[in-house]
Amino acid sequence: MASIQEIQDEIVDEFSMFEDWMQRYEYMIDLGKSLPLIDEAFKTDDYIIKGCQSKVWVHATMEDGKVTFTADSDAIITKGIIAILIRAFSNQAPQDIIEADTAFIDEIGLKEHLSPTRANGLVSMIKQIKLYAVAYQTQLN
């Protein structure tokens, strides 16, 4: 299993193949289409990310010491953003998620190409993923 850093490096490499942001947006939309779908039972206010302009639901489970995320969004770009985050952080140990750097988001230029409300939503998504990891790490301790 690849580490969070290795996955983030892969994502940076993939985004560096595109010459402009329209191609990167298209790639993000494609990533969103491949997102492991969240169970409809978790598409409730309990799982919605606060601070996002569009609706984003994230659910986490832990099995064998690894946290697995599923998500969905009602907006195609946002679905791509959460797909990138889930790819980077899913199937990892809670402590690794907590300690993980998110500089790869700046490296691919994501934050600077998002509207301020989407950028805030991105921060909220990362915060929620890390909060799930903290909760699961607390269970392990």
Side-chain angles (χ1 to χ4, degrees), residues 1-39 41-141:
M1 178 60 54
S3 72
I4 293 174
Q5 188 59 57
E6 289 166 340
I7 295 166
Q8 290 177 351
D9 290 344
E10 280 173 19
I11 294 168
V12 170
D13 286 346
E14 288 164 17
F15 273 80
S16 69
M17 291 187 291
F18 302 107
E19 292 174 23
D20 64 43
W21 261 92
M22 284 318 295
Q23 292 173 322
R24 289 178 183 177
Y25 280 131
E26 286 171 27
Y27 183 60
M28 280 174 39
I29 291 166
D30 287 343
L31 290 174
K33 290 176 185 168
S34 66
L35 187 66
L37 280 188
I38 194 169
D39 188 303
F42 301 117
K43 284 178 121 178
T44 65
D45 285 349
D46 291 342
Y47 298 94
I48 207 156
I49 304 274
K50 310 283 186 270
C52 280
Q53 182 179 359
S54 36
K55 288 187 178 353
V56 181
W57 300 271
V58 176
H59 178 251
T61 55
M62 187 166 69
E63 200 173 303
D64 301 325
K66 305 277 187 202
V67 183
T68 303
F69 296 97
T70 55
D72 197 6
S73 175
D74 61 355
I76 55 173
I77 295 284
T78 309
K79 200 168 179 168
I81 294 168
I82 194 67
I84 290 168
L85 295 176
I86 283 182
R87 181 171 154 199
F89 297 113
S90 208
N91 302 309
Q92 301 290 338
Q95 194 61 44
D96 294 341
I97 297 168
I98 294 164
E99 293 171 358
D101 190 345
T102 54
F104 81 106
I105 291 175
D106 294 327
E107 286 180 52
I108 62 176
L110 188 54
K111 219 180 266 178
E112 68 195 66
H113 287 90
L114 295 175
S115 66
T117 49
R118 279 230 170 89
N120 288 342
L122 170 65
V123 170
S124 297
M125 289 180 223
I126 293 168
K127 195 153 92 182
Q128 187 60 50
I129 286 169
K130 293 212 175 219
L131 282 171
Y132 273 121
V134 168
Y136 283 123
Q137 186 60 41
T138 304
Q139 286 179 13
L140 291 174
N141 291 345

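Side-chain atoms of Lys130 come within 3.5 Å of backbone N or O of Ile97 as a donor-acceptor pair. The backbone N or O of Phe69 sits less than 3.5 Å from a side-chain atom of Ser90, completing a donor-acceptor pair. Proximity of a side-chain donor or acceptor of Gln8 to a complementary backbone N or O of Asp101 within less than 3.5 Å is detected. Remark: side-chain polar atoms of Lys66 are not paired, donor with acceptor, to backbone N or O of Gln92 under 3.5 angstrom.
Minimum heavy-atom separation, Leu122 to Ile105: CD2-CG2, 3.6 Å. Closest of all the heavy-atom pairs between Ser73 and Val56 is OG-CG2, 3.8 Å. Taking both residues in full, the closest heavy atoms of Phe89 and Ala100 are given as CE2-CB, 3.5 Å, listed atom of the first, atom of the second, then distance. Smallest separation of non-hydrogen atoms from Gln53 and Ser115: OE1-OG, 4.3 Å. Here the closest non-hydrogen pair linking Ile129 and Leu85 is CD1-CB, 3.7 Å. The minimum heavy-atom distance linking Leu31 with Ile84 is given by the pair CD1-CG1, 3.6 Å.
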For Arg87 and Ile7, what are the C-alpha separation, side-chain angles and deciding distance, and is it a side-chain contact (heavy atoms from CB on, under 4.5 Å)? CA-CA 7 Å; Arg87 181 171 154 199; Ile7 295 166; 4.0 Å; yes
Under the criterion side-chain contact (heavy atoms from CB on, under 4.5 Å), I'd like the reasoning laid out for Leu140 against Met62: C-alpha separation, chi angles, the key distance, then a yes or no. CA-CA 10 Å; Leu140 291 174; Met62 187 166 69; 3.7 Å; yes
Checking side-chain contact (heavy atoms from CB on, under 4.5 Å) for the pair Asp30/Lys33: CA distance, chi angles, key distance, verdict? CA-CA 5 Å; Asp30 287 343; Lys33 290 176 185 168; 4.1 Å; yes
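Under the 4.5 Å side-chain criterion, counting only non-hydrogen atoms from C-beta, Ile108 is not in contact with Arg24. For the pair Leu35/Lys79, a side-chain contact is recorded, criterion being any heavy-atom separation below 4.5 Å from C-beta on. Side-chain contact between Thr78 and Met125 is present, with at least one heavy-atom pair separated by less than 4.5 Å. Looking only at side-chain heavy atoms (C-beta outward), Gln128 and Leu131 come within less than 4.5 Å of each other.
Note: Asp96 CG to Ile4 CD1 = 5.5 Å, rounded to the nearest 0.5 Å. Expressed to the nearest 0.5 Å, how far CD of Glu6 lies from CD1 of Ile11 amounts to 12.0 Å. Between the CD atom of Glu63 and the CG atom of Asn91 there is a distance of 9.5 Å, given to the nearest 0.5 Å. Taken from CG in Leu110 to OH in Tyr25, the straight-line distance is 7.5 Å, to the nearest 0.5 Å. With rounding to the nearest 0.5 Å, the separation of OG in Ser54 from CD1 in Ile81 is 7.5 Å. With rounding to the nearest 0.5 angstrom, the CD1 atom of Ile77 is 6.0 Å from the CZ atom of Arg118.
Dense packing is recorded around CG of Asp20, with more than 12 heavy atoms of other residues, nucleotides or ligands lying under 6.0 Å away.
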With a cut-off of 3.5 Å and sequence neighbours excluded, list every side-chain donor-acceptor pair involving residues 42-51.
unit_1, atom_1, unit_2, atom_2, d
Lys43, NZ, Asp72, OD2, 2.8
Thr44, OG1, Asp46, N, 3.4
Lys50, NZ, Asp45, O, 3.3

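Taking the six-membered ring where the residue is Trp, the centroids of Tyr27 and Phe15 are separated by under 6.0 Å.
Every pair passing ring-ring contact (aromatic ring centres under 6.0 Å, His included) that includes a residue from residues 103-130 is listed here, sequence neighbours excluded: Trp21-His113.
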